[in-house]
Engineer: 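After the structure tokens below, expect a handful of questions from me.
Letters A, B, ... are given to chains in the order of the sequence lines, protein chains preceding strands, and every chain is numbered from 1. Quantities reported herein were computed from a predicted structural model and do not represent experimental measurements.
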4 protein chains.
Amino acid sequence: MNAIRERRGAETAEAGERRPPRRPRRRMPESRRGELMDAAERLFLAKGVAATSVDDITTAAQVAKGTFYVYFPSRDALLAALQQRFVDGFCQRVDAALARRRTSDWNGRLRAWFATALDTLLDQLVLHDMLFHELGHDHRDLIHDNPVVTQLAALVSQGVAAGVWHAAEPRYIAIIMFHGMHGLADDLAAQAQSGNKAARKRLADTLFNTFSSAMRPLVP
Amino acid sequence: MNAIRERRGAETAEAGERRPPRRPRRRMPESRRGELMDAAERLFLAKGVAATSVDDITTAAQVAKGTFYVYFPSRDALLAALQQRFVDGFCQRVDAALARRRTSDWNGRLRAWFATALDTLLDQLVLHDMLFHELGHDHRDLIHDNPVVTQLAALVSQGVAAGVWHAAEPRYIAIIMFHGMHGLADDLAAQAQSGNKAARKRLADTLFNTFSSAMRPLVP
Amino acid sequence: MNAIRERRGAETAEAGERRPPRRPRRRMPESRRGELMDAAERLFLAKGVAATSVDDITTAAQVAKGTFYVYFPSRDALLAALQQRFVDGFCQRVDAALARRRTSDWNGRLRAWFATALDTLLDQLVLHDMLFHELGHDHRDLIHDNPVVTQLAALVSQGVAAGVWHAAEPRYIAIIMFHGMHGLADDLAAQAQSGNKAARKRLADTLFNTFSSAMRPLVP
Amino acid sequence: MNAIRERRGAETAEAGERRPPRRPRRRMPESRRGELMDAAERLFLAKGVAATSVDDITTAAQVAKGTFYVYFPSRDALLAALQQRFVDGFCQRVDAALARRRTSDWNGRLRAWFATALDTLLDQLVLHDMLFHELGHDHRDLIHDNPVVTQLAALVSQGVAAGVWHAAEPRYIAIIMFHGMHGLADDLAAQAQSGNKAARKRLADTLFNTFSSAMRPLVP
DNA sequence: GATGAATGAGGCTTCATTCAT
DNA sequence: TATGAATGAAGCCTCATTCAT
């Protein structure tokens, strides 16, 4: 706080015309917090994280600027909340997909992994990039020390243990898979084809073929 | 690239009461632009792209603020120049490495590609990330329409044409290779092992084995 | 700095209509700094320190808001500068007045001290109060560990040593004198009579009589 | 006055993720107003008037923010109430002390005035300064048109009328006394000696001696 | 070419106060 | 009475960029 600059409101008052009536408040308590996050996500997508101000967000969410700070201590806190929400959603979707296959169906699960991850990512690729690339380094660990990579590495290890795959370094393979998948998704998006289902299938197939081939045991 | 330079201290001049008049420096005016780029690169590395102002850059480069705009039309233009410089350097190194192998030595060239790319990237991974991740979306096309990927795709295609490899989608494979390599590099860096030569070798081997295995022709 | 919120100017650009021509800058270099201090002083006097914003100040000084921060690192820094200027001026005036009397003219010098201090204070009493009362405690030491009090205490001590006055605690007396004088000045100002020369004289007389009487040696 | 109270810790509740619902407290509603004043006083002392928000106060008083406005029309009103409470307490203490002396014991009463005023002030000097210096000018009239000064002036006048003292301008003398006493109190506090009983006595003696000497009738 | 004072459009936060419940 | 979510006006400060010298 400043040395002086006494609390406002007092001397600012001057004339008696105290603030005009505001528009109705206290709408349905449908989580103002979630509404702010949604609005922010929409704007980030539309004009970029950097170009979106708190003002933009509150305007879009139809609340007063000050309301933002009722729900988030700072603009950065919103970013973090959005990231967490993204990762949680991603993991949930992939988990669910894998859970629908039998444990012993190794190739089926690997194929499902690629297909679901690709789908999930492409469905909100731009959002993902906004959230995780436009951020400082510190925040990107979420994607590096990723539960997703860990999960994938486990799948590979188990397949290797089961004798269906060969891989000297399961974790490395998992990383290559994850980032390879990511690169393809980016590429598709760069061609404005993220929505192209056939293209997605082709990508998933390429990934599956590439890695199942790469992990083909030497002695069949 | 000469990212490593004098390092004239932290340059944070504490804001003295009255700054002494800067002696008119009569260096080769040719070098000014490069000096600004070097200073910027140093600062970006040290405190991040977003946190570095034009003022910081000119102060570090020991020129007046206005001078910046003599050499760059805008702050963003400097960023672009830095990116270009990075990509050029990367390509040069990889090109040189490949050029040392016989054209027919496909596996040798692929192995060389991985090893060199990994080395080059790891040598300046932080800079790379600053330059290509902390940027708005518009600027990241450099990485998508990447000369590096194109070059790699060509290598794969030629190998396929020569009958030594099998790949239904050479470009996709190239993308997977590039991003897989990238992911491993990031991972190594995340473990603060970027300088570990043995680890680098292991990574390059994994990449080579994975993809040469993935591209193994069905009928040998 | 924020995690993101990339430097402005870039994406804010949007349309090509880059900032409109500004009004002529680079006026006479008649110390913009001093002009800002003067403007601030005027406003502080008129509406109070707390109620005066940086914006008000720059508007009054006819410079852009940003210009303020070219000359002062913060609003508080301006306050400090203003205080220093005030104390310096006060001391100078009183010193000059005392210097015009012979050293041996003890009563003359005491009388001169009261008259000059009262005058100086009353001439800018409101300013003084703004500057030193509306401030946090830390800043008020300027008035406590005051060069003025010290100087006054010295005068008393010397008079005592010379045998013309009696005072067991010269420093205490000096403090009482200083604050008593201050209280009378405040009182006069509270009656909107700060400009009343006759009243000032009466006050100075009262002070002189009171204290010369209080310090009358027991054995004349 | 009950400035010293429970002292429930620093009250800075760290802003937890979700605040637990405050249990509806059913205290004597009568005490609420006083509790708010006490909390405010504690906070003002601890962090300054300007740095203390209504929110801080209600949090410390363990009531909802809105409750504040049930008891005070504005933040300023609280300040005024606090000032009034202070002045009342001061006068009461001094009155009580004077009442213990015989009316005709002029010097005894003057001495008692100095001693009591000094004690009272020093006991809560910081609070006094917060309340009366950190305020805008408008509010400081309480100290100018001071009941304390008025009371003191009356004492002097009566003493003069009784022929025991000489003073051309009783009111001026009273002002000088009051502010001189104040200055000495500040000085003692500035040396962190407010609690030093011996020092207080010395100050009171100095004041009494100074002024009884100053008011010594010319013809004894 | 160089310079650096000046600009002014924002950005982020804070907080006194209101009012539906 | 009591509550606390919501408000929105202001405030301070940053910084890319311009331009007279």
Side-chain angles (χ1 to χ4, degrees), chain A residues 1-2 5 7-10 12-13 18-27 29 32 50 52-56 58 63-76, chain B residues 19 21-22 24-26 29 32 52-56 58 63-71 73-76, chain C residues 1-2 5-10 12-13 18-27 29 32 51-56 58 63-76, chain D residues 19 21-22 24-26 29 32 52-56 58 63-76:
Chain A
M1 226 262 168
N2 250 13
R5 203 103 274 282
R7 300 238 116 40
R8 265 132 285 130
T12 305
R18 297 219 127 271
R19 93 207 43 245
R22 312 72 172 304
R23 103 180 88 98
R25 292 166 310 135
R26 193 63 51 87
R27 276 163 305 182
R32 210 60 80 245
T52 301
S53 68
V54 170
D55 214 39
D56 294 333
T58 52
V63 296
K65 185 144 62 168
T67 304
F68 181 91
Y69 292 91
V70 171
Y71 294 99
F72 300 95
S74 74
R75 187 180 176 279
D76 278 5
Chain B
R19 54 219 98 73
R22 213 193 297 296
R25 294 159 339 91
R26 278 272 126 249
R32 281 287 205 291
T52 301
S53 68
V54 170
D55 208 68
D56 293 333
T58 52
V63 297
K65 204 155 155 193
T67 305
F68 180 91
Y69 290 89
V70 172
Y71 294 100
S74 75
R75 187 178 176 279
D76 276 8
Chain C
M1 226 261 166
N2 248 11
R5 202 104 275 281
E6 179 91 20
R7 302 238 113 41
R8 264 133 285 130
T12 305
R18 297 220 126 271
R19 88 204 52 241
R22 310 75 171 304
R23 104 179 87 99
R25 291 168 310 137
R26 191 64 53 82
R27 276 162 306 185
R32 209 63 76 248
T52 301
S53 67
V54 170
D55 215 39
D56 294 333
T58 53
V63 297
K65 184 146 55 168
T67 304
F68 181 91
Y69 293 92
V70 172
Y71 294 98
F72 300 95
S74 74
R75 187 178 175 281
D76 279 4
Chain D
R19 55 219 97 75
R22 211 192 299 296
R25 293 162 337 90
R26 278 273 127 249
R32 281 284 206 292
T52 301
S53 66
V54 170
D55 207 68
D56 293 333
T58 53
V63 297
K65 203 155 158 193
T67 304
F68 180 90
Y69 291 90
V70 172
Y71 295 99
F72 301 94
S74 75
R75 186 179 177 279
D76 276 8

Engineer: Take atom CZ of D/Phe72 and atom P of E/dC15, then tell me their distance rounded to the nearest Å.
Structural biologist: 20 Å
Engineer: Ignoring hydrogens, what is the shortest heavy-atom contact between B/Asp56 and B/Thr52? Give both atom names and the distance.
Structural biologist: OD2-CA, 3.6 Å
Engineer: Within the structure, does a side-chain N or O atom of C/Ser53 lie under 4.0 Å from either OP1 or OP2 of F/dA10?
Structural biologist: no
Engineer: Quick one: D/Asp76 CG to E/dC15 P, roughly how many Å, whole number?
Structural biologist: 15 Å
Engineer: Taking the nucleotide of DNA chain E with the closest heavy atom to each, which residue, A/Asp55 or D/Lys65, is nearer the 5' end?
Structural biologist: A/Asp55
Engineer: Of all the nucleotides listed (E/dA2, E/dT7, F/dT1), which has the minimum atom distance to the side chain of B/Tyr71?
Structural biologist: E/dA2
Engineer: Nearest-nucleotide wise, let me know which of C/Thr67 and B/Gly66 is further upstream toward the 5' end of DNA chain F.
Structural biologist: C/Thr67
Engineer: Stem list for DNA chain E, please, built from Watson-Crick and G-U wobble pairs under 3.5 Å and keeping only runs of at least 3.
Structural biologist: E:2-21 with F:2-21
Engineer: Any side-chain N or O of A/Tyr69 under 4.0 Å from OP1/OP2 of F/dG8?
Structural biologist: no
Engineer: Pick the nucleotide of DNA chain E nearest each of D/Ser74 and A/Phe68; which residue has the one closer to the 5' end?
Structural biologist: A/Phe68
Engineer: Residues in side chain to side chain contact (heavy atoms under 4.5 Å, CB included) with B/Ser74, at least two apart?
Structural biologist: B/Asp76, B/Ala77
Engineer: So, taking the atom named OG1 in B/Thr58 and the one named NZ in B/Lys65, what distance separates them when rounded to the nearest 0.5 Å?
Structural biologist: 7.0 Å
Engineer: With the side chain of A/Val54 defined as its heavy atoms from C-beta on, choose the nearest nucleotide among F/dG8, F/dT1, E/dC12.
Structural biologist: E/dC12
Engineer: May I have the distance from D/Arg75 (atom CZ) to E/dC15 (atom P), rounded to whole angstrom?
Structural biologist: 9 Å
